Participant: 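Quick one: structure below, then a few questions.
Quick caveat: nothing in here was measured; it's all calculated off a predicted structure.
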Amino acid sequence: MQWRTITVALLAQNAIAQGMMRFGCSQLTIERLDPLVNPGVVMSPHVHQVVGGNSFQASMNPSSHDLVAESTCTSCTFSEDFSNYWTAVMYFRARNGTYKRVPQFANVGLRAVGGITVYYIPPYDGKTNVTAFKPGFRMLVGDAALQTSSGMQRQLCHRCYTTADNAGVAGISGGAPCTGSDTQSFPPKPCDGGIRTTITFPTCWDGVNIDSPDHKSHVSYPKSGTFESVGECPSTHPVRLPQLMYEVMWDTGSFNDPDLWPEDGSQPFVWSTGDGKGYSQHGDYVFGWKGDSLQRALNARCNNAVCRELKTQTSEEAMRCANSQTAVENVDGWLDHIPGMPEMK
């Protein structure tokens with residue numbers, strides 16, 4: 001208990017120093033829907049875990065779908081945030097060839113049912129301003145079809161927590177995301193404290209388009225340096241955005257029995273894309289903050305989940321916001337194949 005208290009205190013100090021928003025979003029749904037890449041398709045190619053506003057559905061055309069107006073609740077801490085955030089889902093493949101979804105757990109200092117830890121980070125110099133996303137804005141980072149590290153976008157990685165007690169913050173369980181022993185691929189050994197995946201989005205925008213055909217070309221990384229070093233945006237994408245980052249905590253501890261792992265000792269985790277290497281993790285984002293709430297919070301450099309510019313709700317209220325599956329199928333229990341991947345029997 002004392003260790004966890006110290007961890008939470010250090011986390012708060014780190015966020016205050018950087019002036020970053022960090023908050024939890026509980027699980028909204030786990031199913032095969034992807035309104036960004038496969039709009040209108042019920043039973044998209046692979047399973048996603050989704051958080052945010054409960055107007056999430058197969059079709060979310062920016063010209064007709066208003067997340068703020070159509071949502072009646074959000075699974076996120078800030079009650080004015082009806083955005084949707086989603087990623088692939090991790091499965092464990094047992095030695096007998098069956099699969100089971102790896103559950104998620106709340107990040108340190110947060111209370112949630114699984115879900116995602118969301119960060120909105122202004123420039124680290126403490127003075128440079130950023131522009132909040134516009135209504136209808138959406139983007140994608142990562143590639144669900146990627147099978148090698150070649151072509152992998154920046155700052156997508158896995159962190160192995162070697163003990164249950166160190167599943168926490170920089171300085172205790174490792175440095176900044178995607179540094180040190182973090183890996184682009186799945187960790188090669190059992191992780192007693194679980195696996196954290198980090199997904200970091202581009203921070204420069206063309207200033208015109210709220211989307212692009214590949215959901216990527218309207219945004220860019222800095223042309224030199226990094227967001228953290230306040231690197232300059234390219235002339236084609238001159239508008240500086242906040243750094244949006246996801247952290248997902250996967251509770252792999254119950255799958256560490258060596259009798260369940262492959263006989264050759266190779267790692268047994270698989271993304272819902274069918275990728276057993278780890279390179280295909282990806283994140284999708286559809287903006288849905290009410291009015292100018294996000295811009296006000298960014299201007300105020302709000303810290304963690306405390307912000308006088310924003311309305312918040314209790315963890316219990318956030319956890320009550322959940323959708324029933326539209327694409328109804330079993331995504332849990334021991335399965336003979338990952339949903340959408342019958343060839344993996």
Participant: Check whether any side-chain heavy atom of Val89 lies under 4.5 Å from a side-chain heavy atom of Val331, and answer yes or no.
Facilitator: no

Participant: Output yes when a side-chain donor or acceptor of Ser229 lies under 3.5 Å from a complementary backbone atom of Thr226, and no otherwise.
Facilitator: yes

Participant: Less than 4.5 Å apart, any side-chain heavy atom of Pro222 and any of Thr203?
Facilitator: yes

Participant: Indicate the ring-plane relationship of Tyr120 and Phe23, choosing parallel, tilted or perpendicular according to the 30° and 60° boundaries.
Facilitator: parallel

Participant: Using the rule given for side chain to side chain contact (heavy atoms under 4.5 Å, CB included), can you reason through Met21 versus Leu310, listing the C-alpha separation, both sets of side-chain angles and the distance that settles it, and then say yes or no?
Facilitator: CA-CA 11 Å; Met21 295 169 62; Leu310 298 175; 3.8 Å; yes

Participant: Quick check against the 3.5 Å criterion: does Arg95 have a side-chain atom that pairs as donor or acceptor with the backbone of Pro258?
Facilitator: yes

Participant: Hey, could you give me the NE2/CE distance between His215 and Met139, rounded to the nearest 0.5 Å?
Facilitator: 13.0 Å

Participant: Angle class for the Phe186/His158 ring planes (parallel below 30°, perpendicular above 60°, tilted otherwise)?
Facilitator: tilted

Participant: What's the shortest heavy-atom distance between Pro123 and Arg240, and which atoms?
Facilitator: CG-CD, 3.9 Å

Participant: A side-chain contact here means heavy atoms from C-beta on lying under 4.5 Å apart; do Gln147 and Asp275 qualify?
Facilitator: yes

Participant: If I take atom CG from residue Asp206 and atom OG from residue Ser235, how far apart are they, to the nearest 0.5 angstrom?
Facilitator: 11.5 Å

Participant: So does Lys216 have more than 12 non-hydrogen atoms from other groups sitting under 6.0 Å from NZ?
Facilitator: yes

Participant: For the residue pair Gln49 and Thr87, confirm or rule out a side-chain donor-acceptor distance under 3.5 Å.
Facilitator: yes

Participant: When rounded to the nearest 0.5 angstrom, what is the spacing between CZ in Arg138 and CG in Asn84?
Facilitator: 9.5 Å

Participant: How far apart are the C-alpha atoms of Val130 and Leu241, what are their side-chain angles, what is the distance that settles it, and do they pass the side chain to side chain contact (heavy atoms under 4.5 Å, CB included) test?
Facilitator: CA-CA 5 Å; Val130 290; Leu241 300 169; 5.7 Å; no

Participant: First locate atom CZ of Phe82, then atom OG1 of Thr72, and finally report the distance between them rounded to the nearest 0.5 Å.
Facilitator: 8.0 Å

Participant: Is any side-chain heavy atom of Pro188 less than 4.5 Å from a side-chain heavy atom of Gln267?
Facilitator: no

Participant: For a 4.5 angstrom cut-off between non-hydrogen side-chain atoms, does Thr131 reach Gln295?
Facilitator: yes

Participant: Quick check on the hydrophobic clustering: are Val51 and Phe137 connected, directly or via other members, by side-chain heavy-atom contacts under 4.5 Å?
Facilitator: yes

Participant: Do you know the tightest heavy-atom contact between Gln243 and Thr200?
Facilitator: NE2-CG2, 3.6 Å

Participant: side-chain contact (heavy atoms from CB on, under 4.5 Å) with Asn256: which residues, sequence neighbours excluded?
Facilitator: Pro190, Asp192, Trp261

Participant: Is a side-chain donor-acceptor pair under 3.5 Å present for Ser212 with Asn209?
Facilitator: no

Participant: Determine the sole option in Arg301, Lys290, Arg296 for which the salt bridge (Lys or Arg N to Asp or Glu O under 4.0 Å) test with Glu309 is passed.
Facilitator: Arg296

Participant: Let me know which of Tyr91, Tyr279, Tyr99, Trp250 forms a ring pair (Phe, Tyr, Trp, His ring centres under 6.0 Å) with Trp271.
Facilitator: Trp250

Participant: Rounded at 0.5 Å granularity, tell me how far OG1 in Thr326 sits from CD in Glu31.
Facilitator: 4.5 Å

Participant: Val37, Ile199: one ILVMFWY side-chain cluster at the under-4.5 Å cut-off?
Facilitator: no

Participant: Measuring only between side-chain heavy atoms, which start at C-beta, is Ser272 closer than 4.5 Å to Arg32?
Facilitator: no

Participant: Between Ser55 and His65, do the side chains contain an N or O donor and an N or O acceptor separated by less than 3.5 Å?
Facilitator: yes

Participant: Around atom CD of Glu263, are there more than 12 heavy atoms from other residues, nucleotides or ligands closer than 6.0 Å?
Facilitator: no

Participant: Are Phe92 and Thr252 side-chain neighbours, meaning at least one heavy-atom pair lies under 4.5 Å?
Facilitator: no

Participant: What is the minimum heavy-atom distance between Gly114 and Gln104, and which atoms define it?
Facilitator: CA-CB, 3.7 Å

Participant: Name the one of Phe56, Phe201, Tyr119, Tyr285 that satisfies ring pair (Phe, Tyr, Trp, His ring centres under 6.0 Å) with Tyr85?
Facilitator: Tyr285

Participant: Please determine, by modelled atom types, if Ser75 and Ser26 share a side-chain donor-acceptor pair under 3.5 angstrom.
Facilitator: no

Participant: Between atom SG of Cys76 and atom CD of Gln313, what is the distance when rounded to the nearest 0.5 Å?
Facilitator: 8.5 Å

Participant: Not counting sequence neighbours, which residues clear ring pair (Phe, Tyr, Trp, His ring centres under 6.0 Å) with His46? List them please.
Facilitator: His48, His282

Participant: Are the side chains of Asp34 and Asp284 in touch, meaning some heavy atoms are under 4.5 Å apart?
Facilitator: yes

Participant: Any sub-3.5 Å donor-acceptor pair from Gln184's side-chain atoms to Cys157's backbone N or O?
Facilitator: no

